[in-house]
Every structure is written in C-alpha cells, then in structure tokens.
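Because only heavy atoms are used, hydrogens play no part in the values below, and waters and symmetry mates are left out as well, while side chains stay in. By convention here, the first residue in the shown sequence is residue 1.
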Amino acid sequence: MWKMSVFLSIIWAVNLLYGEWFAFLIPSLSTCSWPHLQPSSSSSSSSSLLNEVENGSDYVKIAVVADPQLMDKTSLPLDPKSLALEIVQFYTDLYMRRAFVSSVLAFNPDVVLFLGDYFDGGYILSDQEWEESLGRFKHIFDLNMLRKNSNIKLYYISGNHDIGYENVNSRNPEIVKRHEIEFGASNFKVTLGKVDFIGIDAQTLDGHPQGKLTSETWDFVKNASQDIYSNPRVLLTHIPLYRPDFTPCGPHRSSPIVNQRIYRDGQNQEIWYQNYVTKNSTEVLLDLVRPALILSGHDHDQCTVTHMSKNVPVTEGSCSKL
C-alpha cells in the first residue's frame, strides 16, 4: 500500500513541477525563435543586404505585450480586502510573470511594446489603489530592472481600461495625467532600426472634434505624418481599426469574431464603449499615416486583417493577451 502511495506522490510531484515550471520552458525553448530574413533571390546584392541586416544594428528584435489587465477590486464580485481576491491576484500575477520571463525575456528582445490595458480597473482605482497595482505591474514585467540595468527599450500606449473612453477621460484629465507621468506621452513617434513606430491614443480618436484630448491626438497624427517618405511606418493602437462585420481573422483565432460595437451617451453623444475605431476615423488615419503594418490590442485574441489605404494593402494584427 505504501508503495502505491509513494508512486502516486511522485506522479503528483512531477505533474506539479511540469505545470508550474517546465510548461513555461519547454514550448518557448523548443518551438519559438526570432524570424530570420530569407533572400528573395540568389543575387549577390540580395545576399549582401541580408547579411547586413542580420548582422547589423538595423535588425531590431521587438516583443509585443497586450492587455495583461491585472486583476483588482473591479475584476470579481469579491470584497476588495478579501483573502479570496488576494489569492486570485497572487496566482494570476505569478502566471503572467513566469510567462513573460520565459517567453519574452528569455529571447533577449531589443524592444518591448506594451499595447495598453495594464490594470483591469485602471481609471476607477484611487491613487493609492493605482499605485499598488503599479507596483504589481512593475514586479510582473521586471520594469525596475529593465529600466535601470538593461538595454531593452520599453514603450507604452494607453488602453480603455487605463484611461477610459471619452465619457471618462474628457471629464477626468487627472486620470490621463497619472498614466502619462508613469508611462509617458499618450501619443509618440520613435524610430527603431530604420522603421518609424507611431503610437496613438485610440480612445480619443472618435471623441468630439473640439474636445481637448481628441484635438491633441489628431494634431499629433497630422504632425507625425508630414514626412511620409522617410522610413516605413508601424502604427500602434490599443483599439483595432475598423473592419466590416464578420471579417475573417485568420487561422490562429480561437474565439468567435466580434463585430463593431460603439455606444454613445444619449444626451452629449460621448463614447462610453467601442471595440473598433470608426470607419471614418480609420480611413483618415490610414491616409495620413500610411503605415506598412498596424499592431493593436483590445481583442484578446489573434486577428490578422488587411486594410486598403490609397489602394495600398496594409496588414493589421490584433495581439492576444499575455
């Protein structure tokens, strides 16, 4: 009898070790790697260009993280100070930290792009609660270490869970300010390698044209789009751009396709929810920025679609959550 107990204990311990440790190492080490450029022809010029990019500073490895949405008092119908919520937070934080360390940091990226929705109830939390969530966020993603002792560059855009939609951020500028003090400007342009990355606060694109945040975002877009022939561009948004209902998302999507939804306040028409940028704003944005690629979050699943801008196809990829 005791032999059976020992055997079952060993099986339990092996399963526990696999689920809590090896499962985070084996998939990444055995199946993941950075893509390598392949020459389009056998010509010497093509091979020379490939070697230059592979071995030179223009080859930049970029990892993308979207929608971690750290659990807080808004996530579950539990008392904010309850032991149950603390246990849930502990294990979800632990899972995300292990996933990030083993599947992102293990491959030594040059850049990590965070595409918004860092806390589940970011714009609802008090300053003290927000700071507590920020401390957890920094621990999960090793931000203190990366910012001080690493060559990895970090860039952030805001999500609707961070600053809310128009009906929230237009009335509570302190929420946006709090976010920008920690994570930087809501709209930014940075050159990585020989590609320009343009981060946009998509939550403000469809707001009232005279609204402060909306006008600031569109002014930024227009200024950042002036020199369209300098470098190829990658557009970063949290909310994906418009696509027609039932547009296929590609073979890697696991959940049903979600169609366009946008809800406005009945009196002042301020947006209180949207899951895609409107068609008009999408068209204007694409015509101004003319990106070669778009990276978005929000959808919590993979979705690859193609937009048309000035009769030029542009691929958009919505990233699944970490």
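Neither side chain, Thr278 nor Asn280, offers a donor N or O lying under 3.5 Å from an acceptor on the other. Checked by atom type, the side-chain pair His298/Asn275 shows no donor-acceptor distance below 3.5 Å. Counted by atom type alone, Asp117 and His238 present one or more donor-acceptor pairs between their side chains at under 3.5 Å. A donor-acceptor contact closer than 3.5 angstrom is absent between the side chains of Thr217 and Asp201. Residues Glu283 and His307 bring no donor and acceptor atom of their side chains to less than 3.5 Å of each other. Between the side chains of Thr204 and Thr214, no donor N or O sits under 3.5 Å from an acceptor N or O.
Checking side-chain atoms of Arg253 against main-chain N and O of Pro256 turns up a donor-acceptor pair under 3.5 Å. Within the 3.5 Å criterion, the main-chain N or O of Gln69 finds no donor-acceptor partner in the side chain of Asp67. Although no hydrogens or angles enter the test, the distance criterion places a donor-acceptor pair under 3.5 Å between the side chain of Glu180 and the main chain of Ser186. A donor-acceptor pair is defined here as one N or O able to donate and one able to accept, closer than 3.5 Å; such a pair exists between the side chain of Ser215 and the backbone of Gly211. In terms of modelled atom types and a separation under 3.5 Å, the side chain of Arg233 and the main chain of Leu293 share no donor-acceptor contact. A donor-acceptor distance shorter than 3.5 angstrom exists from the side chain of Asp301 to the backbone of Ser254, with no hydrogens or angles considered.
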>> Please evaluate residues Thr191 and Asp196 with respect to the criterion side-chain hydrogen bond (donor to acceptor under 3.5 Å, both in side chains), reporting the C-alpha separation (whole Å), side-chain torsions for both, the decisive distance (0.1 Å), and the verdict.
In response: CA-CA 4 Å; Thr191 300; Asp196 291 339; 2.6 Å; yes

> Run the side-chain contact (heavy atoms from CB on, under 4.5 Å) check on Thr282 and Tyr276 step by step: do they pass?
Replying inline: CA-CA 9 Å; Thr282 294; Tyr276 298 111; over 6 Å; no

> After noting the C-alpha distance and the side-chain angles of Lys73 and Asp120, does the key distance pass the salt bridge (Lys or Arg N to Asp or Glu O under 4.0 Å) rule?
Replying inline: CA-CA 9 Å; Lys73 68 177 185 180; Asp120 207 4; over 6 Å; no

> Run the side-chain contact (heavy atoms from CB on, under 4.5 Å) check on Asn169 and Ile175 step by step: do they pass?
Replying inline: CA-CA 7 Å; Asn169 55 51; Ile175 293 176; over 6 Å; no

> Run the salt bridge (Lys or Arg N to Asp or Glu O under 4.0 Å) check on Arg243 and Asp299 step by step: do they pass?
Replying inline: CA-CA 13 Å; Arg243 56 180 181 258; Asp299 206 11; 3.4 Å; yes

> Between Arg261 and Gln274, is a side-chain contact (heavy atoms from CB on, under 4.5 Å) present by the stated rule, with each step listed?
Replying inline: CA-CA 5 Å; Arg261 296 200 304 268; Gln274 69 178 135; over 6 Å; no

>> Evaluate Leu285 against Leu241 for side-chain contact (heavy atoms from CB on, under 4.5 Å), listing each step before the verdict.
In response: CA-CA 9 Å; Leu285 186 63; Leu241 303 192; 3.9 Å; yes

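Under a 4.0 Å N-O distance rule, the pair Lys212/Asp219 does not qualify as a salt bridge. Under 4.0 Å is where a charged nitrogen must lie from a carboxylate oxygen, and between Asp110 and Lys153 no such pair does. A salt bridge links Arg136 and Asp93; the closest N-O separation between the charged side-chain nitrogens and carboxylate oxygens is under 4.0 Å. Remark: Lys138 engages Glu182 in a salt bridge, criterion side-chain N to carboxylate O under 4.0 Å.
Side-chain heavy atoms closer than 4.5 Å link hydrophobic residues (I, L, V, M, F, W, Y) into clusters, and following such links, possibly through other members, connects Val112 to Ile140. Criterion: ILVMFWY side-chain heavy atoms under 4.5 Å apart, direct or through other members. Under it, Leu235 and Phe220 are part of a common hydrophobic cluster. Tyr263 and Val168 fall into different hydrophobic clusters, defined by Ile, Leu, Val, Met, Phe, Trp and Tyr side-chain heavy atoms under 4.5 Å apart, directly or through other members.
Considering only heavy atoms from C-beta on, Phe246 stays 4.5 Å or farther from Ile257 through its side chain. The closest side-chain heavy-atom distance from Val111 to Phe197 is not below 4.5 Å. At least one side-chain heavy atom of Leu143 sits under 4.5 Å from a side-chain heavy atom of Leu154. Two residues are said to be in side-chain contact when any heavy atoms from C-beta on lie closer than 4.5 Å; Ile294 and Leu286 meet this criterion. Contact annotation: the side chain of Ile124 never approaches that of Trp130 to less than 4.5 Å [non-hydrogen atoms, C-beta and beyond]. You'll find the side chain of Val284 reaches within 4.5 Å of the side chain of Trp218, heavy atoms only. Looking only at side-chain heavy atoms (C-beta outward), Lys61 and Phe107 stay at 4.5 Å or farther from each other.
For Phe137 and Tyr118, the ring centers are positioned less than 6.0 Å apart. Ring centers of Tyr273 and Tyr165: under 6.0 Å apart, within the cut-off.
In terms of heavy atoms, Pro68 sits closest to Gly116 at CD-O, 3.9 Å. What you find for Tyr156 and Arg147 is that their closest heavy atoms are OH-NH2, 3.1 Å. Across all their heavy atoms, Val305 and Cys303 have their closest contact at CG1-SG, 3.8 Å. Counting all heavy atoms, side chain and backbone alike, Glu166 lies closest to Asp206 at OE1-O, 4.4 Å. Taking every heavy atom of both residues into account, Gly297 and Ala66 meet most closely at CA-CB, 4.1 Å. Residues Ile163 and Tyr123 approach most closely at C-CB, 3.9 Å, considering heavy atoms.
Just one residue in the list Val101, Leu146, Val65, Val104 forms a side chain to side chain contact (heavy atoms under 4.5 Å, CB included) with Phe141, and that residue is Val65. Among Gln203, His208, Arg264, the one residue that satisfies the side chain to side chain contact (heavy atoms under 4.5 Å, CB included) test with Ile271 is Arg264. Only one option out of Lys148, Arg97, Arg98 pairs with Asp142 in a salt bridge (Lys or Arg N to Asp or Glu O under 4.0 Å); it is Arg97.
Separating the CG atom in Leu115 from the CD1 atom in Ile157 is a distance of 4.5 Å, to the nearest 0.5 Å. To the nearest 0.5 angstrom, Asn223 atom CG is 11.0 Å from Asn187 atom CG. Rounding to the nearest 0.5 angstrom, the gap separating the CZ atom in Phe119 from the OG atom in Ser75 is 12.0 Å. Expressed to the nearest 0.5 Å, how far CG of Leu236 lies from CZ of Phe188 amounts to 5.5 Å. Rounding to the nearest 0.5 Å gives a distance of 8.0 Å between OG of Ser170 and CG of Asn172. Separating the CD1 atom in Ile181 from the NE2 atom in His179 is a distance of 11.5 Å, to the nearest 0.5 Å.
Taking a 6.0 Å sphere around NZ of Lys279, one finds it holds 12 or fewer heavy atoms contributed by other residues, nucleotides or ligands. Remark: Gln128 CD is loosely packed, at most 12 non-hydrogen atoms of other residues, nucleotides or ligands lying under 6.0 Å away.
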Tell me which donor-acceptor pairs under 3.5 Å the side chains of residues 82-89 have, and how far apart each pair is, sequence neighbours excluded?
from, atom 1, to, atom 2, distance (Å)
Ser82, OG, Asp79, O, 2.8
Ser82, OG, Leu85, N, 3.3
Gln89, NE2, Met71, O, 3.1

